[in-house]
Amino acid sequence: MAEALDRYDAELTTPDMVILEMDATDKLDASQQLARRLYDAGRISDLAGFLEHVNAREHQLATGLPGGVGLPHARSEFVSRTSIAIGIAKYGRALDFGAADGPADVVLLIATPASSFSDHLEVLATLARSLSKESFRDSLRRAYDAEVIAELINSSLVFFDH
C-alpha cells in the first residue's frame with residue numbers, strides 16, 4: 001500500500017537519491033541512473049517496469065522546463081511512496097528534455113504511486129513553481145553537496161506557500 005504524502009514530514013528525497021556530476025548520454029540514460037537510486041533506496045520495486053512508465057510519459061509530452069531543468073515523472077504501481085531523485089549534470093553534459101530554451105543540467109525524476117494522482121499533481125506543481133525561480137535553480141547547481149540538495153528539495157515542498 002502506498003504511503004500518503006504528508007507535506008510536513010516530507011522526506012521525498014535523501015542524499016542517496018542525489019547524483020552530483022551526473023554523466024548521462026541522453027534523457028533516457030539520466031532517468032535510468034536516477035531510477036536506480038530510487039530502486040536502491042527501496043522506493044520502487046521494479047526498476048524496468050517503472051522505467052517503462054517514465055519513458056512512456058516522456059513520449060507523450062516533453063518534460064523540459066525553462067532554465068535548464070528536466071522533470072521526468074511517472075505514476076506507477078511499482079512506487080511505494082512519493083519520491084524524487086535529483087541529478088546535477090557534469091559540466092558540459094546537459095541533456096535535451098525538449099525545453100524551448102535548451103538542454104537541462106538539473107534533472108529531477110519524480111515517482112509517485114499509481115493511486116496518488118493528487119499527490120503527483122501537487123508535487124509537480126510545487127516543484128515547477130520553485131524551479132521557475134532562478135535563485136532556486138542556482139542554489140541546486142551551486143550546492144555541490146547531496147545533503148544540501150536533498151534539503152533544498154524537501155524544504156521547497158514543505159514550506160511552499162500556496
Point to revise | Distance-minimising heavy-atom pair for L61 and R57 | key: O-NH1, 3.3 Å
Practice item. Please check if the side chain of R43 supplies one atom and the backbone of R81 the other of a donor-acceptor pair under 3.5 Å. Key: no
Practice item. State yes or no: do L47 and M22 share one hydrophobic cluster built from I, L, V, M, F, W and Y residues joined by side-chain heavy-atom distances below 4.5 Å, directly or via other members? Key: yes
Practice item. For residues D26 and D96, determine if any side-chain heavy atom of one lies less than 4.5 Å from a side-chain heavy atom of the other. Key: no
Practice item. Say whether, by atom type as modelled, one donor and one acceptor occur between the side chain of S31 and the main chain of L28 under 3.5 angstrom. Key: no
Exercise for review: Find the distance between OG (S83) and CD (E11) and round it off to the nearest 0.5 Å.
Suggested key: 9.5 Å
Point to revise | Residue pair A94 / P103: nearest heavy atoms and the distance that separates them | key: CB-CB, 3.7 Å
Review point. Should D105 and R141 count as an ion pair when the cut-off is N to O under 4.0 Å?
Key: yes
Review point. Just checking, any donor-acceptor pair under 3.5 angstrom between side chains of E58 and T63?
Key: yes
Point to revise | Heavy-atom pair of closest approach, residues P72 and V107 | key: CD-CG1, 3.8 Å
Practice item. In sequence, state the C-alpha distance, the side-chain angles, and the governing distance for I110 and L127, and then conclude on side chain to side chain contact (heavy atoms under 4.5 Å, CB included). Key: CA-CA 10 Å; I110 302 172; L127 268 179; 3.6 Å; yes
Review point. Under a 4.5 Å cut-off applied to non-hydrogen side-chain atoms, are I84 and I86 in contact?
Key: yes
**Study point:** pair L71-F97: side-chain heavy atoms closer than 4.5 Å
**Key:** no
Point to revise | Validation row: I44, S80 side chains within 4.5 angstrom (heavy atoms) | key: no
Review point. How long is the gap from CG on L152 to OG on S130, to the nearest 0.5 Å?
Key: 10.0 Å
Check your understanding: Mind checking whether F136 and V106 have side chains closer than 4.5 Å, heavy atoms only?
Key -> no
**Study point:** From D138 atom CG to K133 atom NZ, the distance as rounded to the nearest 0.5 Å
**Key:** 13.5 Å
Check your understanding: Just wondering, do V79 and F50 contact through their side chains at under 4.5 Å, heavy atoms?
Key -> yes
Review point. Is it true that atom OH of Y39 has more than 12 heavy atoms of other residues, nucleotides or ligands lying nearer than 6.0 Å?
Key: no
Practice item. For the residue pair R75 and H53, establish whether any side-chain heavy-atom pair is separated by less than 4.5 Å. Key: no
Practice item. Report yes if some heavy atom in the side chain of D40 is under 4.5 Å from a heavy atom in the side chain of D16; otherwise report no. Key: no
Point to revise | A111 to L38 - nearest heavy-atom pair and separation | key: CB-CD1, 3.8 Å
Exercise for review: Drop me the distance from D119's CG to L124's CG, to the nearest 0.5 angstrom.
Suggested key: 11.0 Å
Check your understanding: Can you name the closest pair of heavy atoms from L95 and A30 and give their distance?
Key -> CD1-CB, 3.6 Å
Exercise for review: Could you check whether the rings of H120 and H73 sit parallel, tilted or perpendicular, using 30° and 60° as the cut-offs?
Suggested key: tilted
Check your understanding: Out of curiosity, L131 CG to I153 CD1, how far, rounded to the nearest 0.5 Å?
Key -> 6.0 Å
Review point. Does a sphere of radius 6.0 Å around CD in Q60 hold more than 12 heavy atoms from other residues, nucleotides or ligands, not counting ones at 6.0 Å or beyond?
Key: yes
Review point. Roughly how far, to the nearest 0.5 Å, is the NZ atom of K27 from the CG atom of N55?
Key: 9.0 Å
Check your understanding: Which pair of heavy atoms, one from R37 and one from V18, lies closest together, and at what distance?
Key -> NH1-O, 3.0 Å
Practice item. For E147, look at atom CD and say whether over 12 heavy atoms of other residues, nucleotides or ligands are found less than 6.0 Å away. Key: no
